[in-house]
Structure formats: structure tokens, C-alpha cells
Amino acid sequence: MRLATWNVNSALVRLPRLLPWLDERNPDIVCLQETKLSDEAFADALAAPLAERGYEFAHVGEGRWNGVAILSRVGLDDVERQLPGAPTFGDVLEARAVTATCGGLRVTSVYVPNGRTPDDPHYAYKLEWLAALRDSVTDPATTVIAGDMNIAPTDVDVWDPAVFTESTHVTPPERAALAELVGLGLIDVVRAKWPDHDRIFTYWDYRAGRFHQDLGMRIDLVLAGADPAGRVAAAWVDRKARKGSGPSDHAPVIVDLDEALDGDIGPVVPPPSTPKKLPPRR
DNA sequence: ATGTCATTTTGTAAATGA
């Protein structure tokens, strides 16, 4: 089973990239962020092409900003349209989380508040929001939280830590909030797969040729509980989706899970009765 | 680099957010 997360920076504008990407990568579960659409507009633009590809979806949108979705072709049940106890920013309950049960996993697509700068009210809101996210996890073992965390877990996840010392995304309180979430029993599966690699980035600013120079950050994460984390066969960043014309400023993260051993693994195809004969070596 | 992209509007240029 293939799970992916992608901050698309407008699902409508990204449609010419999103649909071919679905066809190429064939994910079973997709968490999207920054759809920037109302629920109605998302359905108008995407319901037909997604149905054609076998996906059900759950979308939570505001219209102008934010907006998250889960696409699934392995079931989509018990949809929760917000985090329990999610804080508002001003009076607005922003569209930053949607949860559903897909393929035996409790999946949440998250778009964590950016924070702007550490002295901005948006930063305090970010920390409150992360606390609500932590408190929303009831069964870590089967949980997957995937999306744009707007936090680089360590300095290795930033192209130049010196550039970000006074910035959001790397401050100790944000990293502590992420550590609390992980401390519930979740695993950052890309980092677990590539413990010694630097320059694993998922986001590159559009400005200043940052992608071309590979000056990015790893802020899009897949956090998985013990069951899915133990079945990770592959975990990687799809940098190809950041190239070419009209990309998002984020690349997708793709995670492949082996089938659960205690479940129905489907029909077992027997090997051919006669082994194929190799041509003679010359 | 103040470098781009996407959104919206007392709208067609400027603001806001990332």
C-alpha cells in the first residue's frame, strides 16, 4: 500500500500536475494540503477526475487559504473534519486537519500553522495547534499523521541553519512540540529510513533559484505508529514533482507499506510449474 | 537580493500570506 502527502499550493492551479502525478505514482492514500478551495469548489474541480481513478475523498476547505484533503482507494471511513479542541486564529476555525480511516490506518492530513515569526500571534497559535494535534492521537499504534508540519525536526533538515536562527520552523518550542507528538509512539519514517542522510528536503522557496541550488527544508513529514512504521518498505521524496513547469513549492513524500501479515493478503499466485529456461550462455 | 507564486479586491495594481 502506497501512502503519500503533498502540499500542492492550490489544488486548482496544480490540477495539471496533480492528476498526471496520481497516474504515475499510483498512491492508495494521499494527504493534500493548501488546496485553497471551498469544499464545493474542490468537488466541482476534482470529484470527477478522482472518481475516474478510483478515489474517494474527504476535503475540508475555507476557500481562500489552507484546505486539506485525504484521497483514498482503500476505504475512507469515520471522517473527522477538525481536530478536537482545535484553536481558532482570530474567530476563524481554519481548515488545517482532516482525519479518516483508510486501509486499517487512522490517517490525518495536517497543515500546521506557519507561525510567521516567533513574536507574531500566529506563532503562539501554532504551538496551541500542535498541542491540540498531540491530544487528538488516541491510538498511536495505528496512527498516521502526514502533512506540512512547518517544522524542520533538526538542523540537518535545513539547508543553512544559520539563515533560520531567528525564524520559525526551527525554534526549540516548535521542535519540542513535535518531539511530544513523536513521543506518543510515532516515527518520522523518512528520517528512520535515511538516518545518516543530509539534504533530504521537501520544500524549496520559489524565490532566488532555491530549488535549482537545492537550498530547501524538510518540513513535510509522515509520522507513523508502530504498525505502519514496522511495515515501511520505502520512504522517499518525489523531487521530480518539484521540477518542470507550474510546480508546487513542496514535493510529495511517498511511503510504501508491506501488507499486514495478520490480514487477508489476497490470492497467492503459484509459481510457474516449469521454470523458465535461460538462453544458453555464449 | 527586495529575487516567486497564488489569492483577493472600495479590482486591472496592490495587499496579504507563504
Side-chain angles (χ1 to χ4, degrees), chain A residues 5-19 21 31-46 59-69 86-97 109-130 133 146-153 157-160 162-171 174 177-178 201-221 237 239-253:
Chain A
T5 181
W6 194 6
N7 179 325
V8 290
N9 186 18
S10 173
L12 194 57
V13 169
R14 216 60 60 212
L15 215 49
R17 299 295 303 258
L18 176 59
L19 297 178
W21 176 81
C31 296
L32 298 177
Q33 301 86 36
E34 284 206 87
T35 62
K36 296 186 174 177
L37 293 171
S38 66
D39 290 342
E40 188 185 19
F42 185 93
D44 285 349
L46 283 111
H59 179 264
V60 176
E62 291 168 55
R64 182 176 184 179
W65 303 117
N66 311 313
V68 288
T88 56
F89 187 66
D91 296 333
V92 182
L93 184 58
E94 297 180 319
R96 294 186 175 276
S109 175
V110 297
Y111 177 45
V112 174
N114 175 289
R116 300 177 188 171
T117 59
D119 58 355
D120 193 291
H122 206 260
Y123 179 85
Y125 166 63
K126 180 180 195 174
L127 296 178
E128 287 170 35
W129 201 92
L130 286 163
L133 179 61
D148 181 354
M149 301 298 299
N150 270 318
I151 301 170
D157 299 307
V158 175
W159 61 273
D160 183 358
V163 172
F164 295 91
T165 47
E166 300 302 314
S167 311
T168 179
H169 294 65
V170 302
T171 64
E174 293 166 78
L178 179 61
F201 300 139
T202 65
Y203 161 83
W204 301 259
D205 198 302
Y206 283 124
R207 292 170 287 188
R210 288 268 172 84
F211 180 69
H212 183 69
Q213 301 168 74
D214 198 22
L215 307 180
M217 307 174 81
R218 192 172 72 91
I219 57 176
D220 299 87
L221 307 180
V237 179
R239 291 181 81 258
K240 186 179 150 189
R242 181 63 176 78
K243 301 179 183 180
S245 65
S248 170
D249 43 0
H250 295 250
V253 177

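A:L221 CG to A:L178 CG: the interatomic distance, rounded to the nearest 0.5 Å, is 6.5 Å. The distance from atom CD of A:E34 to atom CG of A:D249, rounded to the nearest 0.5 Å, is 7.0 Å. Here A:D160 contributes atom CG and A:M217 contributes atom CE; the two are 10.5 Å apart, rounded to the nearest 0.5 Å.
Residue A:R116 is classed as a sugar-phosphate contact, given heavy-atom separations below 4.0 Å to backbone atoms only. Among the protein residues, A:Y111 comes within range of the sugar-phosphate backbone only, with heavy atoms under 4.0 Å from sugar or phosphate atoms but none that close to a base.
The nearest heavy atom of DNA chain B to A:L12 and to A:N7 marks one nucleotide each, and the one closer to the 5' end goes with A:L12. Taking the nucleotide of DNA chain B with the nearest heavy atom to each of A:P247 and A:W65, the more 5' of the two is matched to A:P247.
The interatomic distance linking A:N9 (CG) with B:dG17 (P) rounds to 15 Å, in whole Å. Taking atom NZ on A:K126 and atom P on B:dA18, their separation rounds to 10 Å, with Å as the unit. The distance between atom CG of A:N114 and atom P of B:dT16, rounded to the nearest whole Å, is 16 Å. Put simply, OH on A:Y206 is 13 Å from C1' on B:dG17, counting in whole angstrom units. Rounded to an integer number of Å, the gap from A:E34 CD to B:dA6 C1' is 9 Å. Atom CG of A:D205 and atom C1' of B:dC5 are 10 Å apart (whole Å). In this structure, A:Y123 places its OH atom 15 Å from P of B:dA18, rounding to the nearest Å. What separates CE of A:M149 from C1' of B:dA18 is a distance of 17 Å, to the nearest Å.
Residues forming a side chain to side chain contact (heavy atoms under 4.5 Å, CB included) with A:P113 (at least two apart in sequence, or on another chain): A:R96, A:H122, A:Y125, A:K126, A:W129. By the side chain to side chain contact (heavy atoms under 4.5 Å, CB included) test, A:V13 is found to be paired with A:S10, residues two or more places apart in sequence or in another chain being considered. Annotation: side chain to side chain contact (heavy atoms under 4.5 Å, CB included) contacts of A:A11 (sequence neighbours excluded): A:V8, A:T35, A:L37, A:F42, A:L46. A:R207 meets the side chain to side chain contact (heavy atoms under 4.5 Å, CB included) test with A:D205; sequence neighbours excluded.
At least one donor-acceptor pair closer than 3.5 Å links the side chain of A:R14 to the backbone N or O of A:P247.
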Worksheet item: How would nucleotides 8-14 of chain B be written as a contact map, 5' to 3', with B for base contact, S for sugar-phosphate-only contact and - for no contact, using protein heavy atoms under 4.0 Å?
Response: S------

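Rounded to the nearest Å, the gap between the P atom of B:dT2 and that of B:dT7 is 25 Å. Atom P of B:dT16 sits at a distance of 16 Å from the matching atom of B:dG3, rounded to the whole Å. The same atom, C1', is picked in B:dT10 and in B:dC5; the two are 25 Å apart, to the nearest Å.
A donor-acceptor pair shorter than 3.5 Å cannot be found between the side chains of A:N150 and A:Y203.
Applying the 4.0 Å criterion to OP1 and OP2 of B:dT7, one finds that A:S10 has a side-chain N or O inside that range.
Taking the side chain of A:R207 as heavy atoms from C-beta on, and the options B:dG3, B:dT7, B:dG17, the nearest nucleotide is B:dG3.
A cation-pi contact links A:R242 to A:F211, judged by a cut-off of 6.0 Å to the six-membered ring centre and 45° from its axis.
Within a heavy-atom distance below 4.0 Å of DNA chain B, no residue of residues 212-221 of chain A is found.
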